[in-house]
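A quick write-up on the structure given underneath.
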Amino acid sequence: MKNDTAWKAYLSDRERFADLVNGLIFAGGSAVRVCDVEELDTQAGYIREPGRKKMGNLKIRDTFRKVRFGKHEILIGIECEEVIDYAMPLRDMYYTVAEYEKQAAEIRRQVRKETKTVKELNSSERLYHFRRDSRLMPAVTITLYCGEEEWDGPKTLQEMTQLEGLPEALRIMVQNYQIHLVRVRNLKDTSMFHTDVRQVLDFIRFSKDKHALRKLMKEDMHYQQLEEDALDVMIQYAGIQKLIKAEKYYREDGKIDMRTAFDELIEDGRKEGLAEGIIKSGRRHLYSNDVILEDIVAETGFDYSSARKVLEEFDRNQSAQI
């Protein structure tokens, strides 16, 4: 299941959205200003599911914004993926076409109104309700892939189509559509980002390397003052669901000291591993639970309540394997 809810909330902040786009497209420049970012409706329309007669569910885009560049405007969408979608070029193209259709419908409404009053409309404009000088606002989508597996899906529409064996004269006529894919875990540098987007992306790309994460936490002091919605993204995409946003990690300003929380998470993991070894040894020697609990407390520093939870969790896991 795609964990995109956290990203939606996180990127609802226009400053982060502008920073992400500037970093990915403009190498960290300031081409996109926060004041030029406008939120849009993320509903893309309905998609008919394969093999079904009824229309499918309403498709909601992750993030969709209008961005102004002086007198000119463009629509930029960001789709956050955790699992490879092997039909991503088709889905991406649908989002674009759906947006253009929405714009075209509005243009037609306006032209229909003009048909009764504007005499200079030619016959084609009157017939199709689309003026010769009507223009659509361009739209692009960035696919932000946060998954662990290497992306092996198609990145163009032609990669999804069966072109082999067709005459070259026909093959070159088949239109293509390319997705703009960013593989977060393959990013080599994040210095182009200037908000906590950098800390979020860094944590995701190093999430499977505890030594690299510890080094990151030690060197980047921003992890001591994270916003809660930034932490929500890390939890969803970096596999640290055990990290509980305990009150002790909150600073007076409402931000979270991720650095301390992560250190304690690693230490708790070490202690749990040690406790598991004590439990296995105790079971082999037929020790009572009371003796095992005393050994856990003595060796790990856990209190009796925490030690009992570890023991109960161990027994549940063993029962599930039987």
Side-chain angles (χ1 to χ4, degrees), residues 4 7-45 59-81 88-111 114 125 130-146 155-157 175-184 186-202 227 229-230 233:
D4 58 2
W7 267 116
K8 289 179 180 179
Y10 179 74
L11 288 177
S12 64
D13 184 289
R14 294 187 302 159
E15 184 179 5
R16 289 168 174 157
F17 179 88
D19 188 37
L20 184 61
V21 173
N22 280 327
L24 294 177
I25 299 178
F26 299 103
S30 56
V32 177
R33 302 183 304 171
V34 177
C35 62
D36 291 329
V37 176
E38 178 183 338
E39 187 170 0
L40 296 174
D41 182 5
T42 56
Q43 292 186 171
K59 300 301 178 181
I60 307 295
R61 305 203 61 174
D62 290 349
T63 306
F64 199 45
R65 301 285 189 275
K66 179 194 294 184
V67 180
R68 291 185 297 273
F69 292 91
K71 296 181 179 180
H72 306 285
E73 297 176 323
I74 187 171
L75 305 175
I76 301 178
I78 297 177
E79 294 299 310
C80 304
E81 300 296 312
M88 194 66 205
L90 187 61
R91 178 173 139 207
D92 193 323
M93 185 176 70
Y94 167 79
Y95 286 142
T96 302
V97 172
E99 173 54 37
Y100 287 155
E101 282 287 359
K102 189 186 301 183
Q103 293 182 41
E106 179 58 31
I107 291 173
R108 292 187 182 104
R109 278 193 290 270
Q110 294 300 322
V111 174
E114 296 175 0
E125 292 171 328
F130 205 91
R131 296 176 66 107
R132 185 165 58 87
D133 59 355
S134 294
R135 294 293 181 269
L136 301 174
M137 188 184 305
V140 298
T141 298
I142 299 170
T143 300
L144 204 62
Y145 175 59
C146 302
K155 289 179 280 190
T156 68
L157 187 62
Q175 296 292 343
N176 202 7
Y177 185 92
Q178 180 177 353
I179 64 173
H180 304 293
L181 180 69
V182 176
R183 291 168 289 185
V184 172
N186 289 359
L187 289 175
K188 301 300 182 183
D189 180 32
T190 56
S191 61
M192 70 286 289
F193 302 107
H194 306 295
T195 66
D196 57 11
V197 166
R198 178 175 183 176
Q199 282 70 46
V200 169
L201 296 184
D202 276 344
E227 298 287 351
D229 53 358
V233 175

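Scope of the values below: all heavy atoms of this structure, side chains included, with no hydrogens, waters or symmetry mates.
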Going from [atom1] on [X] to [atom2] on [Y], what distance comes out if it is rounded to the nearest 0.5 angstrom?
X      : Y      : atom1 : atom2 : answer
Asn176 : Thr156 : CG    : OG1   : 4.5 Å
Met88  : Thr141 : CE    : OG1   : 7.5 Å
Leu75  : Glu38  : CG    : CD    : 9.5 Å

Within 6.0 Å of [atom1] in [X], more than 12 heavy atoms from elsewhere:
X      : atom1 : value
Glu15  : CD    : no
Arg68  : CZ    : yes
Glu106 : CD    : yes

The criterion is side chain to side chain contact (heavy atoms under 4.5 Å, CB included); which residues satisfy it with Lys8, sequence neighbours excluded?
Asp4, Ile60, Asp62
Please tell me if the side chains of [X] and [Y] come closer than 4.5 Å, counting only heavy atoms from C-beta onward.
X      : Y      : result
Ile142 : Ile25  : yes
Pro89  : Ile179 : yes
Leu157 : Gln175 : no
Ile76  : Phe17  : yes
Phe130 : Val111 : no
Arg198 : Ser191 : yes
Val21  : Val67  : no

Heavy-atom closest pair, residues [X] and [Y]:
X      : Y      : value
Val37  : Ala18  : CG2-CB, 4.3 Å
Arg14  : Val34  : NH1-O, 3.3 Å
Pro138 : Ile74  : O-CG1, 3.3 Å
Trp7   : Cys146 : NE1-SG, 3.8 Å
Glu99  : Ala139 : CG-CB, 4.3 Å
Gly77  : Phe64  : CA-CD1, 3.7 Å

When you measure from the side chain of [X] to the backbone N and O of [Y], does any donor-acceptor pair fall under 3.5 Å?
X      : Y      : value
Asp19  : Phe193 : no
Glu39  : Ser12  : no
Gln103 : Met137 : yes
Tyr10  : Arg16  : no

With salt bridge (Lys or Arg N to Asp or Glu O under 4.0 Å) as the rule and sequence neighbours excluded, what pairs involving residues 134-146 come up?
none
Mind running side chain to side chain contact (heavy atoms under 4.5 Å, CB included) on Asp202 and Leu187 for me, showing each step along the way?
CA-CA 9 Å; Asp202 276 344; Leu187 289 175; over 6 Å; no
